[in-house]
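Structure first, commentary second.
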Amino acid sequence: MSSIGKTTNRAEGVKRAIELLNFKNEVKGKNLFIKPNFNSADAAPGSTHNDALRALMNEMRGFGAKEM
């Protein structure tokens with residue numbers, strides 16, 4: 001699954017992408033491993049932007065993820 005959108009606000013973009021995916025909350029009470037793309041010195045979108053990673057983690061916390 002994937003979703004794509006255009007925004008200047010990464011936090012809102014992450015939230016909207018999750019909405020577009022029709023995300024079913026299967027993370028409540030679970031430990032998550034989130035793998036950002038930090039294998040490059042290139043700026044976003046060549047690697048994961050810290051604001052996007054932070055927004056994703058905040059969304060997962062909101063869905064009740066136990067640990068990340």
Side-chain angles (χ1 to χ4, degrees):
M1 273 195 212
S2 63
S3 65
I4 190 166
K6 184 174 181 175
T7 182
T8 57
N9 182 311
R10 287 184 173 87
E12 287 299 317
V14 168
K15 185 173 185 165
R16 181 67 182 132
I18 291 170
E19 289 171 358
L20 289 170
L21 290 171
N22 293 318
F23 181 75
K24 293 182 174 79
N25 188 359
E26 297 179 6
V27 302
K28 187 173 183 175
K30 294 183 179 177
N31 296 329
L32 302 181
F33 178 80
I34 298 173
K35 187 202 172 295
N37 182 12
F38 288 140
N39 63 350
S40 170
D42 297 334
S47 61
T48 304
H49 194 282
N50 288 339
D51 292 346
L53 179 59
R54 185 177 301 112
L56 178 60
M57 292 175 72
N58 287 337
E59 289 295 316
M60 294 301 105
R61 278 188 198 106
F63 285 124
K66 187 175 176 185
E67 292 185 23
M68 289 176 264

Might you point out which heavy atoms bring Ala11 and Ala55 nearest each other, and give the distance in Å?
CA-CB, 3.6 Å

Would Ile18 end up clustered with Met68 when hydrophobic side chains under 4.5 Å apart are linked, directly or stepwise?
yes

Inter- and intrachain pairs under salt bridge (charged side-chain N to carboxylate O under 4.0 Å, His left out), touching residues 59-68, at least two apart:
none

Checking the side chain of Asn25 only, and the main-chain atoms of Val27 only, is there a donor and an acceptor separated by less than 3.5 Å?
yes

Not counting sequence neighbours, list each pair that qualifies as a salt bridge (charged side-chain N to carboxylate O under 4.0 Å, His left out) and has a residue in residues 49-58.
Asp51-Arg54

Identify the heavy atoms of Arg10 and Ala52 that sit nearest to each other, and give their distance.
CD-N, 4.0 Å

Please collect all salt bridge (charged side-chain N to carboxylate O under 4.0 Å, His left out) contacts where either partner lies in residues 26-40, sequence neighbours excluded, each pair once.
none

As a test of understanding, state which of Asn37, Ile34, Val14, Asn58 forms a side chain to side chain contact (heavy atoms under 4.5 Å, CB included) with Leu53.
Ile34

Under the salt bridge (Lys or Arg N to Asp or Glu O under 4.0 Å) test, which residues partner Glu19, sequence neighbours left out?
Arg16

In this structure, NZ of Lys15 is separated from OG1 of Thr7 (nearest 0.5 Å) by 12.5 Å

With Ala17, which residues qualify under side-chain contact (heavy atoms from CB on, under 4.5 Å), at least two apart?
Ser3

CG-NE2 distance between Leu56 and His49, expressed to the nearest 0.5 angstrom:
14.5 Å

